[in-house]
Amino acid sequence: MLRKIDRKEFKENVFTRIGDDWMLVTAGDEKNGCNTLTACWGGLGDLWHRDAAFIFIRPSRYTYEFIEKHERFSLSFFPDGYRDALTLLGTKSGRDGDKISEAGLDVEYYEGVPAFKQANLVIICRKMYYLDFVPERIPEDVIKRFYPDGDFHRFYAGEVESIYMP
């Protein structure tokens, strides 16, 4: 299991970790289970003088139901060698079966929040704000590329409660 670190110890390049390496966004609980999705959009920063994570989830995704139901979620990042697992988790739905086991990953709970044993960085967040994307505010070329079916994301800001690393 990873160790909890102080935020001042966190020196990761979030552009690389999120945009290039990808992450898993996971919500749920030990009693009722969890679901996860692969994300390469998001960020870390400051909101209302609080450390914050920013994620985007389409309402059509199964993980959306878990994020909506639970106050907390995790962001899990992995070392090299997990691209196939992350690809699988980003293309299959948890509605259709146990995609987490199929990907060869093991759920581990940090402060009651699901994440993954194989991760080398886990960030635990508490939802603090959300906002639905409005098509009138999105450039037309972005709508054509990412939203041809009108399945617009919901933006979530989560307060970073804990960071775990080796």
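When reading the values below, keep in mind they use all heavy atoms of this one structure, side chains included, and skip hydrogens, waters and symmetry mates.
- Criterion: ILVMFWY side-chain heavy atoms under 4.5 Å apart, direct or through other members. Under it, Leu44 and Met128 are not part of a common hydrophobic cluster.
- Listed by chain and number, the hydrophobic cluster partners of Tyr62 are Phe66, where partners are ILVMFWY side chains within reach of under 4.5 Å, directly or through others.
- Electrostatic pairing of Glu12 and Arg17 counts as a salt bridge here, judged by a charged N lying under 4.0 Å from a carboxylate O.
- No single ILVMFWY cluster, assembled from side-chain heavy atoms under 4.5 Å apart, contains both Tyr129 and Ile67.
- Residues satisfying the side chain to side chain contact (heavy atoms under 4.5 Å, CB included) criterion with Glu136, sequence neighbours excluded, are Val134.
- A heavy-atom distance below 4.5 Å is not found between the side chains of Ile57 and Arg154.
- Residues Leu86 and Phe78 form a side-chain contact, since some pair of their non-hydrogen atoms from C-beta on lies under 4.5 Å apart.
- For Asp84, the CG atom counts as loosely surrounded, since its 6.0 Å shell holds 12 or fewer non-hydrogen atoms of other residues, nucleotides or ligands.
- Other residues, nucleotides and ligands contribute over 12 non-hydrogen atoms within 6.0 Å of the CZ atom of Arg95.
- The cluster map of Ile, Leu, Val, Met, Phe, Trp and Tyr, joined by side-chain heavy atoms under 4.5 Å apart, puts Tyr64 and Leu131 in different clusters.
- Side-chain atoms of Asp149 do not come within 3.5 Å of backbone N or O of Asp151 as any donor-acceptor pair.
- Evaluation of the side chain to side chain contact (heavy atoms under 4.5 Å, CB included) rule for Asp80 yields no partner, not counting sequence neighbours.
- At distances below 3.5 Å, at least one donor-acceptor pair connects side-chain atoms of Arg72 with backbone N or O atoms of Glu111.
- In the hydrophobic clustering of this structure, Phe73 groups with Phe77; members are Ile, Leu, Val, Met, Phe, Trp, Tyr whose side-chain heavy atoms approach within less than 4.5 Å, directly or through other members.
- For residues 9-44, the ring-ring contact (aromatic ring centres under 6.0 Å, His included) pairs, not counting sequence neighbours, are Trp41-Phe146, Trp41-His153.
- Between the side chains of Tyr156 and Glu68, a donor-acceptor pair is found at a separation under 3.5 Å.
- You'll find the side chain of Val160 stays beyond 4.5 Å of the side chain of Arg7, heavy atoms only.
- Put simply, Leu121 and Leu24 are part of two different groups of oily side chains (I, L, V, M, F, W, Y) that touch within less than 4.5 Å, one to the next.
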**Message:** Test side-chain contact (heavy atoms from CB on, under 4.5 Å) on Glu102 and Leu88; report intermediate values, then the result.
**Reply:** CA-CA 8 Å; Glu102 187 178 341; Leu88 184 147; 3.6 Å; yes

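- For Lys127, the NZ atom is densely surrounded, since the number of other residues' heavy atoms within 6.0 Å is greater than 12.
- Looking at heavy atoms from C-beta onward, Glu9 lies in side-chain contact with Arg3 at the 4.5 angstrom threshold.
- Contact check for Met165 versus Lys4: no side-chain heavy atoms found under the 4.5 Å cut-off.
- Note on residues 93-121: pairs passing ring-ring contact (aromatic ring centres under 6.0 Å, His included), not counting sequence neighbours, are Tyr110-Tyr164.
- Side chains of Ile143 and Phe152 form a contact here, defined as non-hydrogen atoms less than 4.5 Å apart.
- Judged purely by atom type and a 3.5 angstrom limit, Lys99 uses its side chain to pair as donor or acceptor with the backbone of Thr36.
- Between Leu37 and Leu89, the closest side-chain pair of non-hydrogen atoms is not below 4.5 Å.
- Between the side chain of Ser101 and the main chain of Asp98, no donor-acceptor pair closer than 3.5 Å is present.
- Each of Ile123, Thr38, Leu75 was checked for a side-chain contact (heavy atoms from CB on, under 4.5 Å) with Met23, and the lone residue meeting it is Leu75.
- Aromatic ring pairs are classed by plane angle as parallel below 30°, tilted from 30° to 60° and perpendicular above 60°; the pair Tyr147 and Phe133 is perpendicular.
- Every residue meeting the side chain to side chain contact (heavy atoms under 4.5 Å, CB included) condition with Pro139, not counting sequence neighbours, appears here in chain and number order: Asp141, Val142.
- Put simply, the side chain of Lys144 reaches to within 4.5 Å of the side chain of Glu140, judged on heavy atoms.
- Taking 4.0 Å as the cut-off between side-chain N and carboxylate O, Arg50 and Glu159 count as a salt-bridged pair.
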